[in-house]
Protein chains: 2
Amino acid sequence: MNEEEKEQENYNAKKYRTPDGVPADIVMLTLTKRERKTVTKTLPIRELKVMLIRRKSWPYAGMWALPGGFCQESESIYGAAKRELKEETGVDGGHLEYLGVYSTPGRDPRGWIISNAFFALVEESTLEQRQAADDAEEVGMFGIHEALDQLELAFDHREIIRDAYVRIQQKMLQTTIAKQFLPKHFTLSELYQVIQTVVPEFKEPNFIRKITSTRSRQGILEEVRDEMGKKLSSNQYSQRSAQLYMFTDEIPLLSIYT
Amino acid sequence: MNEEEKEQENYNAKKYRTPDGVPADIVMLTLTKRERKTVTKTLPIRELKVMLIRRKSWPYAGMWALPGGFCQESESIYGAAKRELKEETGVDGGHLEYLGVYSTPGRDPRGWIISNAFFALVEESTLEQRQAADDAEEVGMFGIHEALDQLELAFDHREIIRDAYVRIQQKMLQTTIAKQFLPKHFTLSELYQVIQTVVPEFKEPNFIRKITSTRSRQGILEEVRDEMGKKLSSNQYSQRSAQLYMFTDEIPLLSIYT
DNA sequence: GCAATAGTGTCTATAAGACACTATCAT
DNA sequence: ATGATAGTGTCTTATAGACACTATTGC
């Protein structure tokens with residue numbers, strides 16, 4: 001036995017009190033799309049919703065909580081979150097992003113439990129299926145404000161959802177994450193509506209003009225064309241058909257000084 | 001004993017394998033300032049440095065590692081990071097921010113150890129004292145690129161430092177974090193130099209003009225004035241004295257669409 | 001006076017912001 | 001034709017970007 005092995009032998013991982021578990025909790029968000037019943041074509045009503053599960057056992061039995069599960073030794077926390085997302089929605093891909101760690105002493109009456117929160121952006125249809133299929137668990141979809149202001153939430157999940165909301169608002173404005181809530185090809189009105197749904201403060205009366213006439217911003221979007229190079233448009237949501245756009249892979253660098 | 005208490009009794013936190021520890025590791029960064037020995041006054045040379053500690057025992061004995069320590073049950077992880085920072089530098093305040101969780105299986109040969117990384121921005125003088133005072137531990141200050149490209153680092157600390165570097169570059173451009181590296185009152189050349197030191201790609205030939213003549217950016221800075229309302233300037237780093245500025249509390253909202 | 005850094009003048013191209021106007025198309 | 005949404009014309013003001021110029025001050 002060499003020096004290193006001796007030292008290793010000597011090390012005792014259980015000398016100290018260790019945590020009782022490290023779960024990954026997931027804020028699953030979706031943007032619902034409800035057709036308006038008007039005479040003419042019009043954009044659907046969109047709403048940002050969060051998926052919650054009603055707890056059946058102690059602690060916080062009967063209260064709404066984020067889906068989640070304990071991380072195992074053989075996986076990373078991101079891996080655990082991915083596994084949970086798959087188990088909950090059946091979806092493998094989609095946007096899954098780390099949010100933060102929640103470790104205030106006493107946050108979980110079961111013991112010393114340190115939660116790592118994620119947020120996921122999933123298709124509305126996925127969550128609807130999930131909601132219908134599973135009768136073992138009571139699954140609910142709530143408007144983000146309803147969840148934050150009116151629901152009794154388990155653990156510190158209100159705080160987690162609030163943080164996720166702040167984060168997604170920031171991401172919506174500073175990255176092209178909007179693409180997670182849009183089809184591959186979309187009109188500028190659709191894009192504008194999606195941004196406004198997530199960030200109601202975002203007001204840009206000249207939105208179309210600005211996107212199309214400003215060089216620096218043109219880079220993030222690209223007009224959709226067919227094989228002949230002809231611009232494609234859609235009249236799904238309006239009488240007059242509108243130019244379709246898609247996101248490029250540009251990632252603009254923002255600065256408060258430039 | 002009521003229902004809830006019975007359920008609680010029933011719960012066994014140690015049914016599953018639990019982590020062997022959840023440490024907080026801290027990427028302590030500082031911007032060193034070294035006077036140039038030139039004939040005339042000039043800005044000092046600045047460099048972004050990271051503090052590392054040489055490990056004395058298994059695992060990774062002899063290699064450089066981030067300072068850190070295990071979180072205790074009675075504190076949050078942020079609390080643990082704060083405590084560590086205090087122990088390492090003697091400083092209580094300063095900028096301390098959560099970076100992320102590192103949990104790849106096998107990242108720590110001692111067992112199932114999930115690290116939460118932070119980054120701290122501290123005064124150069126603080127770290128220098130620390131470096132001189134402590135002879136129990138070998139403390140080193142390394143240029144960020146030296147640390148990333150040339151040092152043998154313990155655990156996954158190279159990855160953590162890289163992530164911290166990316167994060168601080170982003171923060172430098174998108175927030176007023178530059179104030180952590182500047183005195184309360186500073187000249188625009190100083191500010192520009194600090195930004196460039198952390199983000200060498202940042203090039204703005206008309207920096208002074210832009211800051212002073214653009215309404216939207218004026219909000220984040222304010223001219224320093226004396227009691228009489230007269231503008232204050234400093235010639236510490238130049239022959240001709242330059243206007244002093246300070247940050248306001250404005251937090252500009254950036255968007256790729258606006 | 002010279003060298004070094006701070007800061008301005010000025011010109012052109014681009015972008016923002018407002019608002020009226022035209023275009024397209026289902027009904 | 002009407003009404004609804006898409007998109008343009010046009011004018012004013014603000015900002016970007018370049019580069020030469022002036023200002024201040026230690027040496």
Side-chain angles (χ1 to χ4, degrees), chain A residues 35-46 173 185-196 202-221 223-224 230-245 252-258, chain B residues 35-46 173 185-196 202-221 223-224 230-245 252-258:
Chain A
E35 302 293 326
R36 276 203 200 86
K37 27 188 176 310
T38 48
V39 211
T40 55
K41 294 180 179 180
T42 182
L43 284 168
I45 296 172
R46 290 182 209 250
L173 294 182
H185 300 161
F186 51 86
T187 66
L188 294 183
S189 313
E190 266 188 291
L191 170 59
Y192 185 57
Q193 194 205 18
V194 164
I195 299 173
Q196 275 221 314
F202 184 80
K203 295 256 163 62
E204 204 54 63
N206 260 333
F207 186 72
I208 294 181
R209 164 73 50 101
K210 225 161 168 174
I211 292 285
T212 54
S213 77
T214 314
R215 277 200 199 177
S216 54
R217 270 176 278 290
Q218 264 170 358
I220 62 172
L221 291 178
E223 287 154 345
V224 180
K230 223 179 90 215
K231 293 185 189 173
L232 289 179
S233 56
S234 152
N235 64 347
Q236 188 181 2
Y237 297 127
S238 61
Q239 319 265 40
R240 173 170 176 179
S241 59
Q243 175 65 45
L244 288 171
Y245 286 85
L253 224 199
L254 292 172
S255 154
I256 60 173
Y257 301 110
T258 305
Chain B
E35 303 292 327
R36 275 203 202 85
K37 28 190 173 307
T38 47
V39 212
T40 54
K41 293 180 178 178
T42 182
L43 284 168
I45 296 171
R46 290 182 209 252
L173 294 182
H185 300 161
F186 50 87
T187 66
L188 293 182
S189 314
E190 266 188 292
L191 170 58
Y192 185 57
Q193 193 205 19
V194 165
I195 299 172
Q196 275 222 313
F202 185 81
K203 295 258 163 62
E204 204 55 63
N206 260 331
F207 187 71
I208 293 180
R209 164 73 51 101
K210 225 161 168 173
I211 291 286
T212 54
S213 77
T214 313
R215 278 199 198 178
S216 54
R217 271 177 278 290
Q218 264 171 358
I220 62 172
L221 291 178
E223 288 152 345
V224 181
K230 222 179 91 216
K231 293 185 187 174
L232 289 179
S233 56
S234 151
N235 64 348
Q236 187 182 2
Y237 297 127
S238 61
Q239 317 265 41
R240 175 171 174 178
S241 59
Q243 175 66 45
L244 287 170
Y245 286 84
L253 223 200
L254 291 173
S255 154
I256 60 173
Y257 301 110
T258 306

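Lettering of chains follows the sequences in order, A, B, ..., and the numbering in each one begins at 1. These values consider heavy atoms only, across backbone and side chains, with no hydrogens, waters or symmetry-generated copies.
Atom CD in A:Q236 sits roughly 15 Å away from atom C1' in C:dA26 (whole-Å rounding). Taking atom CG of residue B:N206 and atom P of nucleotide C:dA13, one finds them 17 Å apart after rounding to whole Å. If you take CZ of A:R240 and C1' of C:dT27, they are 18 Å apart, rounded to a whole angstrom. Rounded to whole angstrom, the span from the CD atom of B:E223 across to the C1' atom of C:dA6 amounts to 14 Å. Atoms OH (B:Y237) and P (C:dA6) sit 12 Å apart, rounded to a whole Å. Whole-Å rounding puts the A:E204 CD to C:dA18 C1' distance at 12 Å. Whole-Å rounding puts the B:Y257 OH to C:dA15 P distance at 19 Å. Atom P of nucleotide C:dA6 and atom NZ of B:K231 are separated by 16 Å, given to the nearest angstrom.
In this structure, A:T258 reaches the sugar-phosphate backbone alone: every heavy-atom distance under 4.0 Å involves primed, P, OP1 or OP2 atoms, never a base. If you check every strand for non-hydrogen atoms under 4.0 Å, B:S213 touches sugar and phosphate atoms only. At a threshold of 4.0 angstrom between heavy atoms, the contacts of B:S241 are confined to the sugar-phosphate backbone, with no base atom among them.
A heavy-atom distance below 4.5 Å is not found between the side chains of A:F207 and A:S189. Within the 4.5 Å cutoff, no side-chain heavy atoms of B:I256 are placed close to those of A:L173. A:Y257 places a side-chain heavy atom less than 4.5 Å from the side chain of B:I220.
Mapping B:R209 and B:S189 onto DNA chain C by nearest heavy atom places B:S189 closer to the 5' end of the strand. Of the two residues near DNA chain C, A:Q239 and B:A242, the one whose nearest nucleotide lies more 5' is B:A242.
One finds the OG1 atom of A:T258 at 8.0 Å from the CG atom of A:L253 (value rounded to the nearest 0.5 Å).
Protein chain A contacts DNA chain D over a range whose 5' and 3' limits, counting nucleotides with an atom under 4.0 angstrom from a non-hydrogen atom, are D:dG3 to D:dA16.
Between B:T42 and C:dA4 there is no side-chain N or O to OP1 or OP2 distance below 4.0 Å.
Between B:E190 and the options B:Q236, B:R46, B:H185, a side-chain hydrogen bond (donor to acceptor under 3.5 Å, both in side chains) holds for only B:R46.
Remark: B:E204 pairs with B:K210 by the salt bridge (charged side-chain N to carboxylate O under 4.0 Å, His left out) rule, at least two apart or across chains.
A donor-acceptor distance shorter than 3.5 angstrom exists from the side chain of A:Q196 to the backbone of A:F202, with no hydrogens or angles considered.
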